[in-house]
There are 4 protein chains.
Amino acid sequence: MDAALHCFVDRGFHGTAIPQIAARAGIAAGTIYHYFDSKEALVNALFRHWKTLVARRVFTAFPQTAPTREQFRVMWNEIVDFALEHPQAFAFLELHNHTSYLDAESIAVDRELKTFASAMVQRAQDERLLKPMDPALLMELVFGAFTGMMRAHWEGRIDLGPEVIAAAEQACWDTVAAHG
Amino acid sequence: MDAALHCFVDRGFHGTAIPQIAARAGIAAGTIYHYFDSKEALVNALFRHWKTLVARRVFTAFPQTAPTREQFRVMWNEIVDFALEHPQAFAFLELHNHTSYLDAESIAVDRELKTFASAMVQRAQDERLLKPMDPALLMELVFGAFTGMMRAHWEGRIDLGPEVIAAAEQACWDTVAAHG
Amino acid sequence: MDAALHCFVDRGFHGTAIPQIAARAGIAAGTIYHYFDSKEALVNALFRHWKTLVARRVFTAFPQTAPTREQFRVMWNEIVDFALEHPQAFAFLELHNHTSYLDAESIAVDRELKTFASAMVQRAQDERLLKPMDPALLMELVFGAFTGMMRAHWEGRIDLGPEVIAAAEQACWDTVAAHG
Amino acid sequence: MDAALHCFVDRGFHGTAIPQIAARAGIAAGTIYHYFDSKEALVNALFRHWKTLVARRVFTAFPQTAPTREQFRVMWNEIVDFALEHPQAFAFLELHNHTSYLDAESIAVDRELKTFASAMVQRAQDERLLKPMDPALLMELVFGAFTGMMRAHWEGRIDLGPEVIAAAEQACWDTVAAHG
DNA sequence: AATGAATGAGGCTTCATTCAT
DNA sequence: GATGAATGAAGCCTCATTCAT
């Protein structure tokens with residue numbers, strides 16, 4: 001049923017009709033209501049499913065003992081890989097505004113991931129490797145840059161090859177790295 | 001009538017009903033159709049209105065003869081000022097996915113601005129001041145970082161004071177600046 | 001729009017579809033929602049409208065100074081006239097079970113009428129003209145008998161002429177009259 | 001499965017969903033269709049089941065040779081007992097309007113009981129013990145009064161003790177008794 | 001016999017749009 | 001120009017019923 005993902009990516013939550021999702025999934029509209037209480041429950045389940053997957057992936061891959069520069073690279077590549085493997089999921093998660101239908105639990109899942117990332121940043125700041133700014137801001141700058149890159153890629157404005165990704169990664173490291 | 005802006009920001013295009021817009025504007029629903037052919041015409045007009053305003057502002061403020069570093073700072077501050085003065089407009093333009101209803105002209109207006117920005121980047125690259133990457137990518141990284149910062153600001157995750165903005169500006173300059 | 005009355009009488013509240021009501025009224029289904037917030041609001045409005053009309057009629061006709069026997073006759077005839085003039089309304093009010101959709105205000109309107117009737121009974125009891133039973137019970141017996149008569153009339157089991165009505169009235173007076 | 005009774009009493013036939021009945025019965029919705037062809041078949045079976053039970057009870061208890069006054073008392077008490085023992089069944093049978101879904105056989109069962117009662121009345125009229133009115137009307141008046149009493153009881157407007165029931169019985173006898 | 005997932009028609013309601021005033 | 005009642009298509013959701021297990 002997660003092909004509802006495609007519809008939400010294409011037309012957004014409010015722009016997608018349940019019958020459209022059902023048609024794409026090859027099932028009857030009513031069947032969706034055996035698995036989800038409502039359209040809202042469906043988006044929220046979708047959102048949490050993928051956010052949790054990203055989180056799990058990031059947590060798992062994170063090299064606790066490696067040097068900060070290496071940690072940054074690993075995280076970057078991990079998220080890039082996720083976004084390239086699951087472009088629809090990434091587009092759904094990051095390219096749409098969910099404020100009007102996410103429930104408290106979904107928001108909490110989202111915040112958790114951001115809190116973790118900020119904590120990571122803070123640890124690196126303690127070692128004076130990153131700029132001494134609000135860690136949340138540093139994280140948002142990098143994640144924003146990353147999202148901008150992926151959006152431009154999907155909208156055909158740039159080509160993403162391994163070297164391009166590596167160059168962008170270096171640029172984003174420069175964003176946060178101390179000394180300048 | 002441009003308080004349709006608020007509705008679109010809150011619930012998105014598909015999630016907003018014409019009667020809601022009319023109610024917020026204190027007019028009758030039918031009146032909207034004296035000024036716009038359809039709901040789609042309304043969003044497109046809105047989109048172009050504000051995109052054009054941003055563009056005009058950026059073009060006007062751009063210091064042709066100043067050094068690149070100064071040009072970057074001016075542009076940055078110009079967009080920050082716009083976003084802080086017109087938070088609803090900025091949220092509408094950048095925090096929502098418009099792909100399902102923008103018409104060709106609106107898309108052209110958007111592309112124009114991006115093309116201009118890329119051209120600026122390229123000129124600076126010719127002077128070896130910026131990293132030798134796809135200029136579009138550099139531009140997207142910076143604009144993405146900026147958008148991430150503003151989103152975090154509106155969602156209450158960070159505080160934006162003048163020094164914070166300046167620090168973020170420096171960080172984004174580091175993103176694009178050559179040598180590192 | 002009060003021809004929704006007919007539909008509710010025929011198939012009950014839950015058995016009646018809004019489009020059916022609209023079709024019978026010769027309007028579009030959506031139009032109903034300009035005047036009523038929901039199907040429930042519609043039944044409640046209908047219920048209150050007719051209950052209030054009955055109440056007004058009873059209150060107005062009630063001969064305060066006449067002897068009790070005369071008062072009883074007047075009330076009886078008043079309600080008979082109402083039921084014969086507005087058979088649909090009476091059938092809707094008394095032949096259907098409204099418990100699952102009436103709101104607090106509608107219930108209050110209903111209770112008010114019953115309380116008034118019980119008070120009347122009590123006054124007559126004080127004069128020892130009626131049986132010394134729970135006034136509410138006496139009232140329910142008479143009103144129940146009346147309703148049974150009307151139901152049988154509509155379902156074709158009895159014929160209602162003026163003499164029949166008068167005879168039934170006398171029988172119901174005997175129900176409540178003291179001494180027997 | 002006859003706990004469908006509860007659902008029908010609460011929300012009426014059209015307001016009750018088969019899954020609701022199944023849930024209350026603790027079985028699967030599909031199981032109901034092993035025993036009844038359709039929802040309509042279910043109500044009709046329910047209706048006939050209880051109507052038949054009432055009829056059997058009345059027929060059985062009826063004291064053929066007792067004086068009319070005693071016959072009336074026995075019948076009254078028999079139906080009161082039934083209504084108090086099976087309040088849900090009585091509420092289902094008498095407090096709801098079944099016209100839109102009862103089939104011919106169910107209607108016949110209903111009519112049979114009424115015809116029997118009318119015949120009884122007529123026999124008593126032949127002895128000049130009852131008022132010389134349409135026997136069907138006399139029967140409806142008494143049964144209507146009785147139903148009104150039970151409804152008021154369930155809706156909490158009156159208290160039903162043995163003496164109250166006896167007093168109501170006497171009042172209803174006065175309704176039908178000759179001379180007044 | 002029992003289950004419960006699946007269906008799809010149909011119900012309530014919303015909403016973009018029109019049009020008489 | 002402005003209104004807002006009216007429309008009817010379409011959206012979300014329910015539900016009687018079926019059927020493979």
Side-chain angles (χ1 to χ4, degrees), chain A residues 1 4 7 11 13-23 25-43 101, chain B residues 1 4 7 11 13-23 25-43 101, chain C residues 1 4 7 11 13-23 25-43 101, chain D residues 1 4 7 11 13-23 25-43 101:
Chain A
M1 226 73 59
C7 295
R11 316 208 67 234
F13 173 72
H14 294 293
T16 300
I18 290 282
Q20 286 170 16
I21 298 172
I27 60 173
T31 304
I32 290 176
Y33 288 88
H34 272 282
Y35 300 96
F36 304 97
D37 283 348
S38 66
K39 198 183 167 189
E40 287 216 352
L42 172 56
V43 230
Y101 46 79
Chain B
M1 226 75 58
C7 295
R11 317 210 66 235
F13 172 71
H14 293 293
T16 300
I18 290 282
Q20 285 171 20
I21 297 172
I27 61 171
T31 305
I32 291 177
Y33 286 85
H34 273 282
Y35 300 96
F36 304 97
D37 285 348
S38 66
K39 197 183 168 189
E40 288 217 350
L42 172 55
V43 232
Y101 47 78
Chain C
M1 227 73 58
C7 295
R11 316 209 66 235
F13 173 71
H14 294 294
T16 301
I18 290 282
Q20 287 169 15
I21 298 172
I27 60 173
T31 304
I32 291 177
Y33 288 87
H34 272 281
Y35 300 96
F36 303 97
D37 284 347
S38 66
K39 197 182 168 190
E40 286 216 352
L42 172 55
V43 231
Y101 47 78
Chain D
M1 225 76 56
C7 295
R11 317 210 66 236
F13 172 71
H14 294 293
T16 300
I18 290 283
Q20 284 171 20
I21 298 172
I27 60 171
T31 306
I32 291 177
Y33 286 86
H34 273 281
Y35 300 96
F36 303 98
D37 284 348
S38 68
K39 197 183 167 189
E40 288 218 350
L42 172 55
V43 231
Y101 48 77

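First the proteins, then the strands, lettered A, B, ... as listed; each starts at 1.
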Visitor: Taking any heavy-atom pair under 4.0 Å as a contact, classify B:Tyr35: base, sugar-phosphate, or nothing.
Guide: sugar-phosphate

Visitor: Output all residues satisfying side-chain contact (heavy atoms from CB on, under 4.5 Å) with A:Ala22, sequence neighbours left out; order by chain, then residue number.
Guide: A:Ile27, A:Ala29, A:Ile32

Visitor: Not counting sequence neighbours, which residues clear side-chain contact (heavy atoms from CB on, under 4.5 Å) with A:His14? List them please.
Guide: A:Ser100, A:Tyr101, B:Arg11, B:His14

Visitor: I'd like to check the side-chain contact (heavy atoms from CB on, under 4.5 Å) partners of C:Ala17; sequence neighbours left out, ordered by chain and number.
Guide: C:Pro19, C:Gln20

Visitor: Taking only residues two or more places apart in sequence or in another chain, which ones pass side-chain contact (heavy atoms from CB on, under 4.5 Å) with B:Ala28?
Guide: B:Thr31

Visitor: Does DNA chain F take part in any stems of at least 3 consecutive Watson-Crick or G-U pairs (both distances under 3.5 Å), and if so, which ones?
Guide: E:2-21 with F:2-21

Visitor: Suppose we screen for side chain to side chain donor-acceptor pair (under 3.5 Å). Which residues come up paired with D:Tyr33, at least two apart in sequence or across chains?
Guide: none

Visitor: Would you kindly give the CD1-to-P distance between D:Ile21 and F:dA16, to the nearest whole Å?
Guide: 8 Å

Visitor: Does C:Thr31 place a side-chain N or O at less than 4.0 Å from the phosphate oxygens OP1/OP2 of F:dT7?
Guide: yes

Visitor: Pick base, sugar-phosphate or nothing for A:Ile32, based on heavy-atom distances below 4.0 Å to the nucleic acid.
Guide: nothing

Visitor: Give the rounded distance in Å between these two atoms: CZ of A:Phe36 and C1' of E:dA5.
Guide: 14 Å

Visitor: Using a cut-off of 4.0 Å between protein heavy atoms and nucleotide atoms, how would you tag nucleotides 16-21 of chain E 5' to 3' with B, S and -?
Guide: SBB---

Visitor: Check A:Thr16 against A:Cys7 and note the closest heavy-atom contact, atom names and distance.
Guide: OG1-O, 3.1 Å

